[in-house]
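Keep in mind it's a predicted model, so treat the numbers as computed, not measured.
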There are 2 protein chains.
Amino acid sequence: MKNLNKFNTIPEPTLRRLSYYVVYLQKLLDAGIETVSSTQIANNLMFDPTQVRKDLQLTEISGHPKIGFNIKTTLESIKSSLNWNNIENAFLVGVGNLGNAVLNFSLLKYMGVNIVAAFDNNPEKIGNIVNNVEILDIERLPELSKLMKVNIGIIAVPEHAAQETADKFVAGGIKAIWNLLPCRLKVPDEIIIEEANLMQSLAVLTNQLAK
Amino acid sequence: MKNLNKFNTIPEPTLRRLSYYVVYLQKLLDAGIETVSSTQIANNLMFDPTQVRKDLQLTEISGHPKIGFNIKTTLESIKSSLNWNNIENAFLVGVGNLGNAVLNFSLLKYMGVNIVAAFDNNPEKIGNIVNNVEILDIERLPELSKLMKVNIGIIAVPEHAAQETADKFVAGGIKAIWNLLPCRLKVPDEIIIEEANLMQSLAVLTNQLAK
DNA sequence: TAGATTGTTAATCGATTAACAATC
DNA sequence: TAGATTGTTAATCGATTAACAATC
């Protein structure tokens, strides 16, 4: 009777792998395939088969001995664990190269993330539309936070403005911040912070290169 | 007599934190400050002080009881562990939004990563110069790999071309690949792969939002 | 049935945290 | 000296891997 709860905590490394499973399973499903074994998934994505089974169990799906996992239900189960079946609205601040990359990131929709507005302080950018998202004056962020139900704030501004942007998001009632810059943000405990920055990742690479 | 070796393995989570320490310590150094305690570092970056000391010890620096760590030597020690004191040449393939974001990522130089050429297959982009880096025809990658000593290959192409780009890098003798796309690459064991993609990170965020 | 595959439990490995000794 | 800080060791926590039982 342990962990039968839907809101079961899934370890971060598992969540990251699950996102790859989704991409792969969707490909198989589109090809009309109905079942897949943990070994097939593991071989294709270069993970360990036991690990794949452990990961899938955490999403509360079960397979069938000798047959494998039903792709359709497994996909549903993973997407539900990742919360990709619910649509979450997002604001993006900073429409430079990074911001544009996010606005054009085609998997966003598939992950249930819907950018409802982008903000910038550059008058030349304001009013433009990128991938169906209108770029608004950053001044309007507080006002619009009140009007729209937005849970995710994406920070893609120049680094010196990151904390300030986070503060605006918090004041606007956002629940989670996706910080794409190589700095740490100070926010209240209840705010979810997820960091995705190039520096961290590249540091791992440069270190390995020294060996 | 354990781990006195310079090429001591540093855990990945530590490497990621070390990159933040570098940014913070550099800021203090620029402000003319000479020493800092593990607690100060921890408070500023929201890490645990014990963890900071453990991390610093892995870079083989020591502090002084009651005084703290000398900022200059600590910085040198961390940068040396991250291999940021050596310049590593890199090729970047794919000059879309993501590629442009990397080309304009100002910390790159500070991390010792020197992009010597960027490649694209779009004739309109070829010949352009972005942040002092010339964009070359992707056809020239094999030839130039032979001529230049390049250890890092950065993949920022559309996803369907990622594996193909990786193959070209491997054929060209690259040692490490920095893959910015949400897909897994098949490469020989000796090639270092570091993944930095938006999907993985966002998956962690969307999952937490469901709680 | 035999064999392939899942599912479970235990062992291992690795990172974080806690407690406290050493140092200046 | 007393007290602040580092440094070390042990305990804890968490994730991965291995072994093998259960199942169809």
Side-chain angles (χ1 to χ4, degrees), chain A residues 1-4 8-21 25 28 33-71 73-75 77-78 81 200 203-204 207-208, chain B residues 1-4 8-21 25 28 33-71 73-75 77-78 81 200 203-204 207-208:
Chain A
M1 250 303 263
K2 47 164 186 193
N3 280 345
L4 287 183
N8 185 358
T9 296
I10 301 179
E12 231 185 85
T14 297
L15 293 171
R16 295 179 186 273
R17 286 190 297 271
L18 286 174
S19 69
Y20 285 108
Y21 301 168
L25 294 181
L28 294 184
I33 300 168
E34 283 179 11
T35 59
V36 67
S37 73
S38 55
T39 314
Q40 275 177 276
I41 297 176
N43 288 343
N44 190 273
L45 298 173
M46 288 151 290
F47 293 123
D48 180 86
T50 305
Q51 191 171 55
V52 171
R53 287 200 294 281
K54 258 271 161 75
D55 287 347
L56 292 179
Q57 269 173 58
L58 287 167
T59 76
E60 274 137 50
I61 190 76
S62 31
H64 303 279
K66 216 184 150 171
I67 294 167
F69 293 82
N70 177 282
I71 293 177
T73 56
T74 304
L75 247 179
S77 179
I78 301 177
S81 293
Q200 271 190 35
V204 176
N207 165 267
Q208 285 180 268
Chain B
M1 255 294 267
K2 47 167 186 188
N3 279 345
L4 287 185
N8 183 0
T9 294
I10 301 180
E12 229 184 86
T14 296
L15 293 171
R16 294 178 187 273
R17 284 189 299 269
L18 286 174
S19 68
Y20 285 108
Y21 301 168
L25 294 181
L28 294 184
I33 299 168
E34 282 177 11
T35 58
V36 68
S37 73
S38 55
T39 314
Q40 275 177 276
I41 298 176
N43 288 344
N44 189 273
L45 297 173
M46 287 152 291
F47 294 123
D48 180 86
T50 305
Q51 190 171 56
V52 171
R53 287 200 295 279
K54 258 271 160 76
D55 288 347
L56 292 179
Q57 268 173 59
L58 288 167
T59 76
E60 273 137 51
I61 190 76
S62 32
H64 303 280
K66 215 185 152 172
I67 293 166
F69 293 82
N70 177 282
I71 293 176
T73 55
T74 304
L75 248 179
S77 180
I78 302 177
S81 293
Q200 270 190 35
V204 176
N207 165 267
Q208 286 181 268

Report summary line: Shortest non-hydrogen pair, B:Leu15 vs A:Val204, comes out as CD1-CA, 4.1 Å
Report summary line: Closest non-hydrogen atoms of A:Ile10 and A:Leu58, given as atom of the first, atom of the second and distance, are CD1-O, 3.9 Å
Query - Closest contact, heavy atoms only, B:Ser77 versus B:Ile61 - result: OG-CB, 3.7 Å
Kindly give the atom pairs (protein nitrogen or oxygen, nucleotide nitrogen or oxygen) under 3.5 Å for nucleotides 13-17 of chain C.
| from | atom 1 | to | atom 2 | distance (Å) |
| --- | --- | --- | --- | --- |
| C:dT16 | OP1 | B:Arg17 | NH1 | 2.9 |
| C:dT16 | OP2 | B:Arg17 | NH2 | 3.0 |
| C:dT16 | O5' | B:Gln51 | NE2 | 3.3 |
| C:dT17 | O4 | B:Lys54 | NZ | 3.2 |

Report task. Measure from the side-chain N and O atoms of A:Asn207 to the backbone N and O of B:Ser81, and report whether any donor-acceptor pair falls under 3.5 Å. Result -> yes
Report summary line: Smallest heavy-atom separation, A:Ser38 atom then A:Pro49 atom, equals CB-O, 3.9 Å
Query raised in the report: In dot-bracket notation, what is the pairing pattern of DNA chain D, taking Watson-Crick (N1-N3 plus N6-O4 or O6-N4) and G-U wobble (N1-O2 and O6-N3) contacts under 3.5 Å, with [ ] crossing and | for other strands?
Result: ..||||||||||||||||||||||
Query - side chain to side chain contact (heavy atoms under 4.5 Å, CB included) between A:Thr74 and A:Thr59, intermediate numbers included - result: CA-CA 9 Å; A:Thr74 304; A:Thr59 76; 5.8 Å; no
Query raised in the report: If you look at every heavy atom in B:Thr35 and B:Asn70, which pair is closest and at what distance?
Result: CG2-CA, 4.2 Å
**Report entry** Rounded interatomic separation in angstrom, taking CD1 from B:Ile61 and P from D:dT8
**Finding:** 14 Å
Report task. Over all heavy atoms of both residues, which pair between B:Leu45 and B:Tyr21 is shortest? Give the atoms and the distance, please. Result -> CD1-CD2, 3.6 Å
Query - Atom pair CD1 (B:Ile71) and CD1 (B:Ile41), whose distance is rounded to the nearest 0.5 Å - result: 8.0 Å
Using a cut-off of under 3.5 Å, enumerate the N/O to N/O pairs linking the protein to nucleotides 2-6 of chain D.
| from | atom 1 | to | atom 2 | distance (Å) |
| --- | --- | --- | --- | --- |
| D:dT5 | O4' | B:Lys66 | N | 3.4 |
| D:dT6 | OP1 | B:Ser38 | N | 2.9 |
| D:dT6 | OP2 | B:Ser38 | OG | 2.6 |

Query raised in the report: To the nearest 0.5 Å, what is the distance between CG (B:Asp55) and CZ (B:Arg53)?
Result: 11.0 Å
